[in-house]
Amino acid sequence: QVQLAESGGGLVQAGGSLRLSCAASEHRINNFGMAWFRQAPGKEREFVATISYSSASTVYSDSVKGRFTISRNNGEGTVYLQMNSLKPEDTANYLCAASYIMVGSNQPGDYRYWGPGTQVTVSS
């Protein structure tokens with residue numbers, strides 16, 4: 001059982017930056033592919049970015065490519081999402097997830113463990 005807890009969300013103006021963190025219980029993420037998803041009210045959960053267990057591979061959605069960066073520190077059991085050049089359409093609850101697919105995945109169904117999320121609101 002892995003428990004995930006996100007932090008770092010908040011209210012920011014368009015063009016600003018935020019850094020989200022996802023901390024795993026007992027630092028247990030070494031053998032998991034990790035990802036960030038987001039969900040806005042009334043919308044389906046949307047893939048944002050994924051990173052393999054070794055950090056060798058990262059994949060981003062087209063909507064965030066070039067603006068967001070996913071990274072991880074296995075020793076600390078933490079995954080990060082650096083978000084730059086934020087837009088109002090980035091407003092959502094951002095969720096961290098862990099998958100037994102070690103290279104990561106862009107499919108929500110491939111993820112076994114989820115955090116409750118952290119809210120990001122971007123004002124225009």
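This is a predicted model, so every value here is computed, not measured.
- Aromatic rings from Y100 and F32 are positioned such that their centres are separated by under 6.0 Å.
- Side-chain N or O atoms of Y111 include one that pairs as donor or acceptor with a backbone N or O of S105 at under 3.5 Å.
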- Passes side chain to side chain contact (heavy atoms under 4.5 Å, CB included), I70 versus V79? Steps please. CA-CA 7 Å; I70 188 171; V79 181; 4.1 Å; yes
- Evaluation steps, side chain to side chain contact (heavy atoms under 4.5 Å, CB included), between V122 and E89: CA-CA 8 Å; V122 184; E89 51 263 44; over 6 Å; no
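- With hydrogens and angles disregarded, no donor-acceptor distance shorter than 3.5 Å links the side chain of S85 to the backbone of R67.
- Looking at every heavy atom in both residues, V64 comes nearest to V48 through CG2-O, 3.5 Å.
- No more than 12 heavy-atom neighbours from other residues, nucleotides or ligands sit within 6.0 angstrom of OH on Y53.
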Which side-chain N or O atoms in residues 7-17 pair as donor and acceptor under 3.5 Å with protein atoms at least two apart or in another chain?
| unit_1 | atom_1 | unit_2 | atom_2 | d |
| --- | --- | --- | --- | --- |
| S17 | OG | N84 | OD1 | 3.0 |

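- By the 30° and 60° cut-offs, the orientation of the rings of F47 relative to F37 is perpendicular.
- Atom CG in L86 sits 10.0 Å away from atom OG in S123 (nearest 0.5 Å).
- Across all non-hydrogen atoms, the minimal contact from M102 to N31 is CG-O, 3.2 Å.
- For Q3, the CD atom is loosely surrounded, since the number of other residues' heavy atoms within 6.0 Å does not exceed 12.
- Pairs passing the salt bridge (Lys or Arg N to Asp or Glu O under 4.0 Å) check and including a residue from residues 30-58, sequence neighbours excluded, read R38-E46, R38-D90.
- Minimum heavy-atom separation, A24 to I29: CB-CG2, 3.2 Å.
- Of the possible donor and acceptor atoms, none in the side chain of R72 sits under 3.5 Å from a partner among the backbone N and O of G33.
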- Pair Q107-I101, side chain to side chain contact (heavy atoms under 4.5 Å, CB included): steps then yes or no: CA-CA 11 Å; Q107 299 299 311; I101 301 175; over 6 Å; no
